[in-house]
Amino acid sequence: QVQLVESGGGLVQAGDSLRLSCAASGRTFSSYAMGWFRQAPGKEREFVAAINWNGGSTRSADSVKGRFTISRDNVKNTVYLQMNSLKPEDTAVYYCAATSVGVIRILEADYDYWGQGTQVTVSS
């Protein structure tokens, strides 16, 4: 069992930066691939970024490529999402997720554990 707790969300202005953190419990964190998803009001939840078990491979959605960076620290059992040059359309609840498959996955259905989410609001 893995429990995930996100933090770092907030209200920022367009062009600002935020770093989200996702702290995971459990001794198997280092074997899991991790992902970030987001859900804007009235929209489906969508893939944002993912990282494989050792941090050697990452993948990002086209909408955030070049602005968002996913990383992980397997000693701290934490995955991060560095978000730069934020836009109003990035406003959403951001969710951290873990998959027992150690390689990158981009589909929600492939993830086994989810956090409660953290709100990010970007004003124009």
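Values below: all heavy atoms of this structure, side chains included; hydrogens, waters and symmetry mates excluded.
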Of all the heavy-atom pairs spanning [X] and [Y], show the shortest one and how long it is.
| X | Y | result |
| --- | --- | --- |
| A40 | T91 | CB-O, 3.6 Å |
| G55 | N52 | N-OD1, 3.1 Å |
| R38 | A92 | CB-CB, 3.8 Å |
| M34 | C22 | CE-SG, 4.4 Å |
| I51 | S71 | CD1-CA, 3.6 Å |
| R67 | L86 | NH1-CA, 3.9 Å |

I need the [X] [atom1] to [Y] [atom2] distance, nearest 0.5 Å.
| X | Y | atom1 | atom2 | answer |
| --- | --- | --- | --- | --- |
| M83 | T69 | CE | OG1 | 11.0 Å |
| S25 | L4 | OG | CG | 7.0 Å |
| Q116 | C96 | CD | SG | 11.5 Å |

Is it the case that one hydrophobic cluster holds both [X] and [Y], taking links as side-chain heavy atoms less than 4.5 Å apart, direct or via other members?
| X | Y | result |
| --- | --- | --- |
| W36 | V64 | yes |
| W114 | V79 | no |
| W53 | I70 | no |
| L81 | Y113 | yes |

Whether over 12 other heavy atoms sit under 6.0 Å from E89 CD:
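Yes - once you tally the heavy atoms of other residues, nucleotides and ligands closer than 6.0 Å, there are more than 12.
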Taking atom CD of Q3 as the centre, does the number of heavy atoms from other residues, nucleotides or ligands within less than 6.0 Å exceed 12?
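12 or below, so no.
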Check whether any side-chain heavy atom of E6 sits under 4.5 Å from a side-chain heavy atom of L20, and report yes or no.
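No, their side chains stay 4.5 Å or more apart.
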Counting only N and O atoms by type, is there a donor-acceptor contact under 3.5 Å from the side chain of N74 to the main-chain atoms of N54?
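Not confirmed, N74 side chain does not pair with N54 backbone.
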Using only atom types and a distance under 3.5 Å, with no angle test, would you say the side chain of T118 pairs donor to acceptor with the backbone of Y94?
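Not at all, since once roles are kept as given, no pair shorter than 3.5 Å links the two residues.
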Verify side chain to side chain contact (heavy atoms under 4.5 Å, CB included) between S21 and K76, making sure each step is shown before the conclusion.
CA-CA 11 Å; S21 298; K76 296 182 178 179; over 6 Å; no
Decide whether a cation-pi geometry holds between R72 and F29; the criteria are a distance under 6.0 Å from NZ or CZ to the six-membered ring centre and an angle within 45° of the ring axis.
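Judged by the rule (NZ or CZ under 6.0 Å from the ring centre, within 45° of its axis), R72 counts as positioned above F29.
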Below 3.5 Å, can you tabulate the donor-acceptor pairs from side chains in residues 99-112 to any protein atom, sequence neighbours excluded?
{"from": "T99", "atom 1": "OG1", "to": "V101", "atom 2": "N", "distance (Å)": "3.2"}
{"from": "T99", "atom 1": "OG1", "to": "D110", "atom 2": "O", "distance (Å)": "2.9"}
{"from": "S100", "atom 1": "OG", "to": "D112", "atom 2": "OD2", "distance (Å)": "3.1"}
{"from": "E108", "atom 1": "OE1", "to": "R45", "atom 2": "NE", "distance (Å)": "3.0"}
{"from": "E108", "atom 1": "OE1", "to": "R45", "atom 2": "NH2", "distance (Å)": "3.1"}
{"from": "Y111", "atom 1": "OH", "to": "R105", "atom 2": "O", "distance (Å)": "2.6"}
{"from": "D112", "atom 1": "OD2", "to": "S100", "atom 2": "N", "distance (Å)": "2.8"}

Aromatic plane relationship, F37 with F47 - under 30° parallel, 30 to 60° tilted, over 60° perpendicular:
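Because their plane-to-plane angle is over 60°, the rings of F47 and F37 count as perpendicular.
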Any ion pair linking K87 and D90 (charged N to carboxylate O, less than 4.0 Å)?
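Salt bridge between D90 and K87, a charged N being under 4.0 Å from a carboxylate O: no.
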